[in-house]
Amino acid sequence: MTPPTSAYSSAVQDRFDQLQQDVESLLLNLQQQIELNQSQAQTPPQPQFKHSPNATYSPSAPSLPASANPSPPNPITPLPHLPYLLLPASPRSPFSASSPTHLPPTHPPNATHKEPPMIALVPFLKKTPTESTTAIAIAPVSQEPAADNSKPAPPPPLPNVWIYDGEAYDLTDFIKRHPGGEFFIGRTKNRDITALVNVLHRNPAKVKHVLKKYSLGRPATPADMHPKYDAPPFLFKPDFDGWRDTPRFNFEPKGQLLDAIRTRLKTPEMQARIAQMDFLFNLVTVLLAVTYVLVEGLRFGLPQFMPIYLFAPLMAMLRISLSGAGHYLIHRAQVKFNKVFAHVFDINYVPMAHVVMDGHTLMHHPFTQSEVDIKRNVFTAVMDLPRYYRVPLHTLHKLGHIWTGMFVRATELTMLGIRFGVQNLYGGWQRALPHYLGLWAMRALLCGECLVFVLHGDGLAWLAQFILTLWISTFMIVASHDFEDDAAETTPDESEDWAVQQIRNSYDLTMVGNKYIDCFLSAGLSPHRVHHVLPFQKSGFANIASEAIVREEAAKLGVAWDEPKNFFCDRMPIMARYYLLTPSRQAREENLGVLREHLNLKALRTSALYIYRGFMGVGSI
């Protein structure tokens with residue numbers, strides 16, 4: 001019987017069959033010897049030791065007094081490669097789990113010597129529907145002294161498991177082969193990918209067929225899933241648990257809204273129209289990038305034609321529009337040049353695409369308004385600040401991001417990639433390099449622009465466009481859903497149609513009233529409900545072309561399609577009142593007045609720390 005590969009090295013597995021017979025013989029020999037010892041002269045009772053099933057005897061451990069641990073009359077000579085053994089419970093031996101038996105060392109404990117690697121005998125159960133059997137697993141054991149028990153032991157490494165529909169899969173070999181890019185497979189290790197497979201692909205049935213060859217043939221368990229999604233814990237509630245809190249939608253029943261929409265989108269006419277819309281979207285994005293360069297060039301070279309009152313709003317619109325293009329680029333397959341261009345999402349000073357590809361695409365979209373949806377917590381740290389400090393302090397916080405913070409974070413991400421993640425996430429540096437080039441290029445662009453404007457004596461113009469872009473973009477992020485306190489506590493109904501929930505929990509935003517212009521000015525949020533139902537589509541223009549089909553199919557199921565909300569008139573006043581004028585958490589909990597809310601020592605310390613965190617790359621978004 002071969003032990004699980006996730007627990008033992010391949011070299012040990014290769015030796016398993018050869019050693020198993022020797023081990024079984026040794027166990028039988030030990031059993032006979034113990035019976036012989038018990039029938040001979042009376043000996044003092046053996047002391048009881050507390051131990052775990054995986055405990056091992058170490059030559060450096062303190063030995064018992066001679067009176068308490070007499071040598072047996074006929075000591076058993078261990079096998080050459082088994083100098084010390086701790087034998088746990090076995091159906092073939094009388095040893096009790098609470099009374100381990102130690103074989104005596106063959107030399108004094110403190111003698112200088114060299115020994116082969118020790119072997120531990122570890123029991124494990126392999127359960128089938130009809131039986132439970134016990135086997136002996138062979139694993140190398142370190143001879144180093146036991147670790148200091150005062151220090152918490154690091155958590156055991158998680159297995160290479162991806163969970164789909166309650167079953168365990170190992171997609172390690174699929175990382176390099178995934179048509180959507182390595183990142184989306186590597187990043188979802190130790191997560192439940194059921195929703196991702198069903199909502200991020202045009203043809204989920206094809207994906208399910210591919211998954212079969214990577215099945216481990218067993219149900220998934222909580223031990224297969226990272227409790228915090230392998231993401232920063234502060235993104236979730238303190239008691240968040242990935243296994244418990246991940247919604248498990250049922251995509252199998254026929255007649256679901258998403259299936260009906262997909263069927264209509266597969267017609268040749270719609271496919272041709274969507275392809276045309278994608279091309280136009282890409283073309284407009286290129287024109288916006290050219291305009292961006294021209295506007296900055298005019299401000300530098302011919303400032304009389306680009307006064308600050310025109311420059312600031314134009315740059316804000318261009319940055320938000322280009323970020324809208326980046327919004328769709330992070331939803332596309334992360335292959336070839338898109339690994340670099342997706343980082344244009346960061347040009348509005350708010351996100352970091354290298355991280356948002358995970359938090360936005362893989363956690364927010366499939367699990368909207370659930371505990372997994374980290375966008376619910378996207379702007380919550382600012383609520384710890386006294387209300388009238390929020391605008392200036394958050395502005396300083398984000399300036400710190402531009403000048404140093406994002407360089408700190410980019411360095412950290414790069415070092416983590418070098419030490420741990422490149423092979424697992426991307427399959428190698430050749431595939432990972434474009435992602436990191438895009439990450440660093442965007443950091444250099446945002447900081448370099450600031451530096452050039454300051455050196456050019458035009459720092460005020462840069463600051464004006466920075467503040468305008470930052471705050472419109474920040475509120476735009478939280479405007480597309482109800483993330484205010486009362487609504488944020490809603491929990492999705494796992495029994496309800498997934499696509500129906502997406503429509504009910506999302507807003508379409510308007511800026512000037514034209515869908516195609518609003519698609520860019522809203523950072524991609526104007527056709528937002530279609531975007532949430534069809535997150536695999538490549539452009540906002542494709543979502544606009546698909547809206548009629550989504551609305552018609554939703555109407556057949558009795559799903560209301562509300563009118564879009566205007567960002568400035570409908571959403572901005574509500575968000576400004578909540579995020580900027582609500583008393584701080586401390587003030588609400590301690591019932592503080594306005595003056596004490598702003599001047600108490602805890603509030604001042606929180607404010608200083610908030611600025612410091614910006615310069616260290618710790619973001620509230």
Side-chain angles (χ1 to χ4, degrees), residues 228 231-241 245 349-351 359 364 369-371 373-405 408-409 463 466-491 507 565 567-621:
K228 301 293 185 184
F234 69 82
L235 293 173
F236 307 100
K237 289 186 175 181
D239 62 344
F240 174 80
D241 179 81
D245 296 327
Y349 302 116
V350 176
H364 165 61
Q369 293 286 48
S370 75
E371 297 295 337
D373 184 4
I374 64 171
K375 197 174 180 182
R376 292 172 60 171
N377 303 321
V378 76
F379 197 41
T380 55
V382 76
M383 303 302 289
D384 291 328
L385 301 175
R387 70 192 89 170
Y388 299 127
Y389 291 169
R390 289 173 191 165
V391 171
L393 291 188
H394 186 67
T395 302
L396 283 174
H397 175 92
K398 297 303 290 187
L399 281 171
H401 276 196
I402 300 301
W403 292 336
T404 63
V408 173
R409 183 51 51 87
L463 185 62
F466 168 79
I467 294 174
L468 194 59
T469 302
L470 170 66
W471 282 98
I472 292 177
S473 299
T474 299
F475 280 124
M476 212 169 269
I477 288 174
V478 293
S480 54
H481 299 275
D482 276 326
F483 289 124
E484 292 81 296
D485 267 352
D486 293 338
E489 296 301 323
T490 61
T491 302
Y507 292 137
K565 296 182 180 291
F567 173 74
F568 296 105
C569 300
D570 297 325
R571 292 296 288 150
M572 190 71 170
I574 296 173
M575 293 183 300
R577 185 166 58 251
Y578 175 73
Y579 287 109
L580 299 184
L581 300 179
T582 301
S584 67
R585 291 191 180 97
Q586 181 197 9
R588 295 198 301 270
E589 292 170 359
E590 301 178 14
N591 197 25
L592 303 179
V594 174
L595 191 61
R596 291 186 61 200
E597 174 189 354
H598 289 75
L599 296 181
N600 73 84
L601 290 178
K602 182 178 179 181
L604 295 175
R605 183 168 58 249
T606 300
S607 300
L609 183 61
Y610 193 77
I611 297 174
Y612 167 77
R613 285 175 173 169
F615 283 87
M616 296 306 296
V618 179
S620 62
I621 292 184

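Separating the CG atom in L399 from the CG atom in L470 is a distance of 8.0 Å, to the nearest 0.5 Å. In this structure, OG1 on T395 lies 5.5 Å from CH2 on W471, to the nearest 0.5 angstrom. A distance of 10.5 Å separates CE in M575 from CD1 in I477, rounded to the nearest 0.5 Å. With rounding to the nearest 0.5 Å, the separation of OG1 in T606 from CG in L393 is 10.5 Å. In this structure, CG on L592 lies 11.0 Å from CG on L599, to the nearest 0.5 angstrom. Atom OH of Y389 sits about 13.0 Å away from atom CG of L396, to the nearest 0.5 Å.
Residues that satisfy the side chain to side chain contact (heavy atoms under 4.5 Å, CB included) test with Y349, not counting sequence neighbours, are R319, I402, L446, E449, W462, Q465, F466, T469. The ring pair (Phe, Tyr, Trp, His ring centres under 6.0 Å) test applied to F615 returns no partner, not counting sequence neighbours. Here R613 pairs with nothing under the side-chain hydrogen bond (donor to acceptor under 3.5 Å, both in side chains) rule; sequence neighbours left out. A search for side chain to side chain contact (heavy atoms under 4.5 Å, CB included) contacts involving N591 returns nothing, not counting sequence neighbours. Judged as a side-chain hydrogen bond (donor to acceptor under 3.5 Å, both in side chains), and not counting sequence neighbours, D570 has no contacts. The side-chain hydrogen bond (donor to acceptor under 3.5 Å, both in side chains) test applied to S607 returns no partner, not counting sequence neighbours. Applying the ring pair (Phe, Tyr, Trp, His ring centres under 6.0 Å) criterion to F568, with sequence neighbours excluded, gives no partner residue. Under the salt bridge (charged side-chain N to carboxylate O under 4.0 Å, His left out) criterion, R409 pairs with E412, not counting sequence neighbours. For D245, the salt bridge (charged side-chain N to carboxylate O under 4.0 Å, His left out) test picks out no residue, with sequence neighbours left out. When the side-chain hydrogen bond (donor to acceptor under 3.5 Å, both in side chains) test is applied to R585, the partners found at least two apart in sequence or on another chain are D384. In this view, Y507 satisfies the ring pair (Phe, Tyr, Trp, His ring centres under 6.0 Å) rule with no residue, not counting sequence neighbours.
Side-chain contact between Y578 and M383 is present, with heavy atoms from C-beta onward closer than 4.5 Å. Side-chain contact between S584 and R390 is present, with heavy atoms from C-beta onward closer than 4.5 Å. E371 is not listed as a side-chain neighbour of F236, based on a closest heavy-atom distance of 4.5 Å or more.
Taking all atoms of both residues into account, the shortest heavy-atom contact from V618 to H401 is O-NE2, 3.4 Å.
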Original post:
When you look at Q586 and N600, which way does the side-chain hydrogen bond (donor to acceptor under 3.5 Å, both in side chains) test go after all the steps?
Top reply: CA-CA 10 Å; Q586 181 197 9; N600 73 84; 3.1 Å; yes
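Annotation: salt bridge (charged side-chain N to carboxylate O under 4.0 Å, His left out) contacts involving residues 597-612, sequence neighbours excluded, comprise R387-E597.
No donor-acceptor pair closer than 3.5 Å links the side chain of R577 to the backbone N or O of T582. One N or O on the side chain of H397 and one on the backbone of Y610 form a donor-acceptor pair closer than 3.5 Å. Checking side-chain atoms of R571 against main-chain N and O of K565 turns up no donor-acceptor pair under 3.5 Å.
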